[in-house]
There are 2 protein chains.
Amino acid sequence: MSRICQDGYDDDCIKENREVYGITYAQNVLSGRWKYLILWFLKPKERRYNEIKNFLGGISQGSLTKQLRELETDGLINRKIYPEVPPRVEYSLTSKGEALIPIIDLMEEFGKKFGENLD
Amino acid sequence: MSRICQDGYDDDCIKENREVYGITYAQNVLSGRWKYLILWFLKPKERRYNEIKNFLGGISQGSLTKQLRELETDGLINRKIYPEVPPRVEYSLTSKGEALIPIIDLMEEFGKKFGENLD
DNA sequence: CCGCATCCTGCATGATACTG
DNA sequence: CAGTATCATGCAGGATGCGG
């Protein structure tokens with residue numbers, strides 16, 4: 001999803017969205033098909049690139065790398081490179097990323113309670 | 001954002017995503033650029049179509065109608081038509097929609113605490 | 001093993017015109 | 001006022017091939 005209110009907005013949008021700025025910000029850093037699941041998967045412990053990829057199943061390498069870079073840029077995850085052969089890279093939550101976990105947990109509860117089948 | 005795991009998934013994706021099914025479901029019903037803000041705006045009381053449109057500022061009529069229909073189809077909002085001239089339509093949260101409010105509130109808090117400027 | 005570069009496609013959204 | 005219909009478009013994400 002593209003970021004909200006960067007262009008084409010009018011004064012009402014500016015005024016009103018300042019009130020709900022936090023919602024828009026959270027939505028922006030979480031925009032992306034796989035980010036909720038990635039954060040959820042990193043919740044218990046750090047994970048390697050291929051662990052995440054196998055967990056997500058359907059994601060392409062290009063997309064996974066992109067989502068991980070965005071999460072890193074937004075300060076939600078750490079990326080640690082181990083100079084080994086073959087290379088090893090481990091991802092983990094930052095404190096900012098951990099602050100999103102309650103949101104994700106609530107979403108999980110909501111879906112368990114209200115979710116029907118997706119098809 | 002398109003719905004996750006409807007096609008092209010492999011067995012891992014099925015197996016693993018069942019664990020996090022709720023997250024995916026919540027993400028699906030909330031997919032759309034304006035839905036969080038619409039739900040937040042409906043939180044205090046029911047609102048008319050044009051109230052929502054003015055609040056959001058930048059949205060087009062076509063997009064707003066589409067998002068409202070999706071929210072209605074997913075059972076998050078009610079749509080009440082008053083047979084007047086000119087016509088009046090009021091939208092309000094269902095109990096299912098209200099169940100999402102804690103999530104939105106947490107996102108607002110998160111953004112207030114961690115958000116930088118969007119540009 | 002963990003990427004990056006490139007190309008391609010679908011879909012969400014916007015723009016615009018029209019209507020009961 | 002609250003839509004519907006149609007068309008245009010930008011961008012997220014997938015596919016594929018190559019690289020340290």
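Note that the coordinates shown come from a computational prediction; the quantities given were computed from them, not determined experimentally. Atom set for the values below is all heavy atoms of this structure, side chains included, hydrogens, waters and symmetry mates excluded. Letters go in sequence order (proteins before strands), and every chain restarts at 1.
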Calculate the interatomic distance between [X] atom [atom1] and [N] atom [atom2]; express it in whole Å.
{"X": "B:Glu70", "N": "C:dA12", "atom1": "CD", "atom2": "P", "value": "7 Å"}
{"X": "A:Gln61", "N": "D:dG19", "atom1": "CD", "atom2": "P", "value": "15 Å"}
{"X": "A:Trp34", "N": "D:dG13", "atom1": "CH2", "atom2": "P", "value": "9 Å"}
{"X": "B:Leu64", "N": "D:dG3", "atom1": "CG", "atom2": "C1'", "value": "10 Å"}
{"X": "A:Leu68", "N": "D:dA12", "atom1": "CG", "atom2": "C1'", "value": "15 Å"}
{"X": "A:Lys80", "N": "C:dG3", "atom1": "NZ", "atom2": "C1'", "value": "20 Å"}
{"X": "A:Ile59", "N": "C:dG3", "atom1": "CD1", "atom2": "P", "value": "12 Å"}
{"X": "A:Asn28", "N": "D:dC11", "atom1": "CG", "atom2": "P", "value": "14 Å"}

Measure from the side chain of [X], starting at C-beta and using heavy atoms only, and say which of [options] lies closest.
{"X": "A:Lys66", "options": "C:dC2, D:dA12, C:dC4", "answer": "D:dA12"}
{"X": "A:Arg69", "options": "C:dG3, D:dA2, C:dG14", "answer": "C:dG3"}
{"X": "B:Arg33", "options": "D:dG14, C:dG14, C:dC2", "answer": "C:dG14"}
{"X": "A:Pro86", "options": "C:dC1, C:dC2, C:dG14", "answer": "C:dC1"}
{"X": "A:Ser63", "options": "C:dG3, D:dG14, D:dT4", "answer": "D:dG14"}

It should be established whether [X] places a side-chain nitrogen or oxygen under 4.0 Å from OP1 or OP2 of nucleotide [N].
{"X": "B:Arg48", "N": "D:dC1", "result": "no"}
{"X": "A:Arg79", "N": "C:dC2", "result": "no"}
{"X": "A:Tyr91", "N": "C:dC2", "result": "no"}
{"X": "B:Arg88", "N": "D:dA2", "result": "no"}

Touch class at under 4.0 angstrom, heavy-atom based, for B:Ser60 against every strand present: base
Working for side-chain hydrogen bond (donor to acceptor under 3.5 Å, both in side chains), residues A:Thr65 and A:Tyr49: CA-CA 9 Å; A:Thr65 300; A:Tyr49 182 90; 3.2 Å; yes
Whether A:Phe55 and A:Phe41 hold their rings parallel, tilted or perpendicular, with breakpoints at 30° and 60°: parallel
B:Arg88 to B:Tyr82 six-membered ring, cation-pi geometry met (6.0 Å, 45°): yes
Pairwise 5' ranking along DNA chain C for B:Gln67 and B:Gly62, keeping only the more 5' one: B:Gln67
Trace of the salt bridge (Lys or Arg N to Asp or Glu O under 4.0 Å) decision for B:Glu108 with B:Lys112: CA-CA 6 Å; B:Glu108 191 178 350; B:Lys112 280 181 181 163; 3.5 Å; yes
Ionic contact status for A:Glu70 with A:Lys35, cut-off 4.0 Å: yes
